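This structure is a prediction, so every number in the text was calculated from the model and none was measured. Lettering follows sequence order; numbering is per chain, from 1.
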Number of protein chains: 2
Amino acid sequence: MEPAARKKRILSAIVESYVKTGEPVGSKTLISEAGLKVSSATVRNDMADLTERGYLVQPHTSAGRVPTQRGYRFYVDNALTVKPVSEQGRMYISETLAQGADSPENVLQNAANLLTRLTDCIAFATTPNGEESRVRKISFVPTGAHSAMAVLIASNGVIKTKLFRCEFLITPEILTVFDNALNEVFAGVRLSAINRPFIQTAAAGFGDLSLLLPSALIAVKDASDLAREVSVYHSGLGLLAGDAQGDRILTFLQNRHDVAATLERLPLDTAVTIGRENSRVELAYSAVVSARYRIDNSPAGVLAVVGPLRMDYAKMLAVLDCAGSCVSELLNEMIDV
Amino acid sequence: MEPAARKKRILSAIVESYVKTGEPVGSKTLISEAGLKVSSATVRNDMADLTERGYLVQPHTSAGRVPTQRGYRFYVDNALTVKPVSEQGRMYISETLAQGADSPENVLQNAANLLTRLTDCIAFATTPNGEESRVRKISFVPTGAHSAMAVLIASNGVIKTKLFRCEFLITPEILTVFDNALNEVFAGVRLSAINRPFIQTAAAGFGDLSLLLPSALIAVKDASDLAREVSVYHSGLGLLAGDAQGDRILTFLQNRHDVAATLERLPLDTAVTIGRENSRVELAYSAVVSARYRIDNSPAGVLAVVGPLRMDYAKMLAVLDCAGSCVSELLNEMIDV
DNA sequence: GTTTAGCACTCTACAGTTGAGAGTGCTAAC
DNA sequence: GTTAGCACTCTCAACTGTAGAGTGCTAAAC
């Protein structure tokens with residue numbers, strides 16, 4: 001075998017052995033496990049070279065080698081063969097996700113729970129980000145003499161409500177007027193366009209009505225903001241107990257908005273993000289495997305698991321890929337009512 | 001001083017010193033800190049007695065004493081003077097809770113965040129349990145040709161929505177019929193009474209209509225179930241990093257339903273629950289300080305902090321009591337629209 | 001030029017030892 | 001009932017020695 005090819009094989013074997021055992025891998029272990037036809041001295045030379053080039057490190061002088069983040073990256077990019085989830089596995093995943101799932105939120109929580117169970121990692125699922133979605137319909141529901149609820153239905157299936165109060169008496173007639181007026185203005189508008197200037201311009205266009213509308217307009221804007229907000233479901237907190245990176249990850253979880261933003265920033269495809277490649281320092285020693293689910297065939301929310309660098313990347317990728325496509329299927333069914 | 005009174009004083013002093021320093025308290029330290037007018041030998045005799053009666057323990061032969069759970073309990077019941085939060089403190093709490101609080105959920109999340117900040121403990125806030133509350137109003141909003149959304153407004157101010165589909169075409173007229181029919185049946189009914197038998201009986205009473213109603217009825221029941229469900233907001237996960245009980249508490253947090261149930265089971269007043277007094281084993285080495293907030297003057301949800309047994313109980317009680325009443329005020333304002 | 005055997009070297013992990021310091025329980029006297 | 005004095009116990013931290021694992025280097029073999 002060519003020296004170059006052998007080195008690649010040695011690196012893969014070290015990653016795989018280290019992932020399995022957690023022990024630094026020495027030259028002798030490597031020969032017996034990888035079935036190499038060379039002596040330990042040769043392997044040592046190759047390992048020294050790989051160390052020099054930054055793919056491996058030695059915890060201390062007399063220890064075996066451990067992959068660096070660069071080592072894992074090389075392994076994931078060049079030496080990984082992902083075997084898709086079996087047909088039975090896929091059915092199991094699909095059925096588990098659908099269990100008692102009467103809303104998209106439920107499906108996503110199911111997904112996080114399931115991923116934790118299948119991967120033994122903390123898992124996340126985000127709601128679809130609303131950046132691309134538009135207002136499908138606005139309705140009003142009376143809730144009291146001076147209060148009502150605005151209901152916004154977005155094109156990605158998300159429904160948000162917001163209460164508001166008025167000085168004047170709210171009658172069914174007024175709500176009908178609101179309904180007609182606001183649907184005319186908002187229908188088809190992108191959620192991201194609904195900001196203060198937008199509602200001010202809208203209000204100005206209503207003549208007499210504009211005196212009655214402000215609180216309703218603000219309620220619609222608030223509902224739109226809520227619909228754009230990404231919320232995050234997670235599962236597997238308990239796994240952090242005793243985990244080496246547990247403290248860091250807890251710090252990461254502390255701030256909901258950071259978590260949402262970090263997950264949103266993940267690639268649009270199934271992907272592995274290793275250590276410092278992550279946008280948050282708290283994840284500098286963790287690996288994130290993620291997949292997007294799609295709604296109406298465009299990337300929507302993300303499923304992800306966070307675990308140690310030392311993880312079975314092939315398995316994780318297979319599971320996430322499958323879960324992602326199952327979630328897509330389920331949500332698309334639910335939404336196109 | 002009477003020996004009995006002195007022992008009580010010694011126990012309190014040990015609790016307070018241990019809470020402050022975290023170090024087992026020896027007889028000499030005790031004399032200098034509690035200003036006792038007896039010798040260390042006398043104190044040692046008293047400590048030996050308190051140890052025998054289960055109020056103190058020695059981590060090892062040559063160490064000072066540490067309070068047992070029984071010791072803490074005695075201290076909390078007999079030696080604690082709670083000084084109410086100052087007027088300024090109260091205003092600060094009240095204002096912080098109200099910040100950007102446009103829904104009860106927001107107020108509760110604010111409360112959890114604030115409690116974490118003030119107490120350096122993980123904090124929880126539960127939504128009002130719906131056991132006592134009744135249906136105030138039901139509305140329907142069309143969302144598509146064959147789908148609509150049921151909106152249930154409960155007497156405790158909670159609003160829940162549920163989508164449903166029908167085989168037949170949904171027109172505004174049909175929804176008006178639904179609206180009238182279902183408000184007649186459900187208005188004033190306790191949420192806990194809305195179960196399968198109830199909706200079956202209800203459906204039976206509608207004659208011809210009953211063919212159209214089932215999915216709407218089920219949607220109302222589902223919304224009612226959602227409204228009864230207690231959800232839990234929490235804050236301070238990051239504090240678990242490096243905490244001695246962190247692992248246990250993470251395990252406790254793992255299951256949302258257990259958390260909700262445990263919190264619901266806490267006393268109706270401001271209270272301290274110490275170690276094994278808690279209903280969950282994971283909290284056997286933690287203390288929970290809790291307060292109920294009230295809606296319409298009856299106990300609704302709970303605010304709680306979970307921390308080490310070794311905590312400043314007086315301060316915690318003061319803060320929780322204050323936060324509880326501030327949340328009550330705020331929510332009552334929001335709800336009686 | 002590449003590969004190999006052999007050997008000296010380095011480092012860790014673990015177990016055992018030691019001495020200082022803290023705090024106790026007991027006893028005899030007040 | 002309280003106190004002084006003293007022997008005793010236990011922890012903690014620092015230090016030591018040893019076994020084991022794995023390396024890097026060198027000189028010889030392919």
What is the distance, rounded to the nearest whole Å, between atom [atom1] of [X] and atom [atom2] of [N]?
{"X": "A:Ile31", "N": "D:dT23", "atom1": "CD1", "atom2": "C1'", "value": "14 Å"}
{"X": "B:Met47", "N": "C:dC26", "atom1": "CE", "atom2": "P", "value": "14 Å"}
{"X": "B:Glu52", "N": "C:dT24", "atom1": "CD", "atom2": "P", "value": "16 Å"}
{"X": "B:Asp49", "N": "C:dT24", "atom1": "CG", "atom2": "C1'", "value": "16 Å"}
{"X": "A:Leu30", "N": "D:dT23", "atom1": "CG", "atom2": "C1'", "value": "14 Å"}
{"X": "A:Leu50", "N": "D:dT23", "atom1": "CG", "atom2": "C1'", "value": "15 Å"}
{"X": "A:Glu23", "N": "C:dT12", "atom1": "CD", "atom2": "P", "value": "15 Å"}
{"X": "B:Asp46", "N": "C:dC26", "atom1": "CG", "atom2": "P", "value": "15 Å"}

Kindly write out the residues that satisfy side-chain contact (heavy atoms from CB on, under 4.5 Å) with [X], not counting sequence neighbours, or none if the list is empty.
{"X": "B:Thr21", "result": "B:Ser17, B:Glu23"}
{"X": "B:His60", "result": "B:Ser62, B:Ala63"}
{"X": "B:Ser325", "result": "B:Arg90"}

For a side chain to side chain contact (heavy atoms under 4.5 Å, CB included) with B:Ser235, tell me which candidate from B:Ile122, B:Asn110, B:Asn113, B:Leu115 qualifies.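 Among B:Ile122, B:Asn110, B:Asn113, B:Leu115, the one that satisfies the side chain to side chain contact (heavy atoms under 4.5 Å, CB included) with B:Ser235 is B:Asn113.
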
Taking only side-chain nitrogens and oxygens of A:Arg65, does any of them come within less than 4.0 Å of OP1 or OP2 of D:dA21? no

Got a list of protein N/O to nucleotides 3-6 of chain D N/O distances below 3.5 Å?
residue: D:dT3; atom: OP2; partner: B:Ser39; partner atom: N; Å: 2.9
residue: D:dT3; atom: OP2; partner: B:Ser39; partner atom: OG; Å: 3.4
residue: D:dT3; atom: OP2; partner: B:Thr42; partner atom: OG1; Å: 2.4
residue: D:dG5; atom: O6; partner: B:Arg44; partner atom: NH2; Å: 3.4

Can you tell me which residue pairs pass the ring-ring contact (aromatic ring centres under 6.0 Å, His included) test with a partner in residues 15-54 of chain B, sequence neighbours excluded?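 The answer is none; no pair qualifies.
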
Please list all pairs passing the ring-ring contact (aromatic ring centres under 6.0 Å, His included) test where one or both residues lie in residues 262-282 of chain A, with sequence neighbours left out. none

Hey, does the side chain of B:Ser12 reach the backbone of B:Lys8 with a donor-acceptor pair shorter than 3.5 angstrom? yes

Please tabulate, for the side chains in residues 77-85 of chain B, all donor-acceptor contacts under 3.5 angstrom to protein atoms that are two or more places apart in sequence or on a different chain.
residue: B:Asp77; atom: OD1; partner: B:Arg73; partner atom: NH1; Å: 3.1
residue: B:Asn78; atom: ND2; partner: B:Phe74; partner atom: O; Å: 3.1

Listed by chain and number, what are the salt bridge (Lys or Arg N to Asp or Glu O under 4.0 Å) partners of B:Arg248, not counting sequence neighbours? none

Sorted by number, residues from residues 55-63 of chain A placing a heavy atom under 4.0 Å from DNA chain D are A:Gln58, A:Thr61, A:Ser62, A:Ala63

By the salt bridge (charged side-chain N to carboxylate O under 4.0 Å, His left out) test, which pairs, at least two apart or in different chains, include something from residues 35-48 of chain A? A:Arg6-A:Asp46

Extract from the structure each pairing of a protein N or O with an N or O of nucleotides 28-30 of chain C at less than 3.5 Å, listing the distance.
none

Tell me which pairs pass side-chain hydrogen bond (donor to acceptor under 3.5 Å, both in side chains) where either residue lies in residues 48-59 of chain A, with sequence neighbours left out.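 Those involving residues 48-59 of chain A are A:Lys7-A:Asp49, A:Asp49-A:Arg53, A:Thr51-A:Arg65.
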
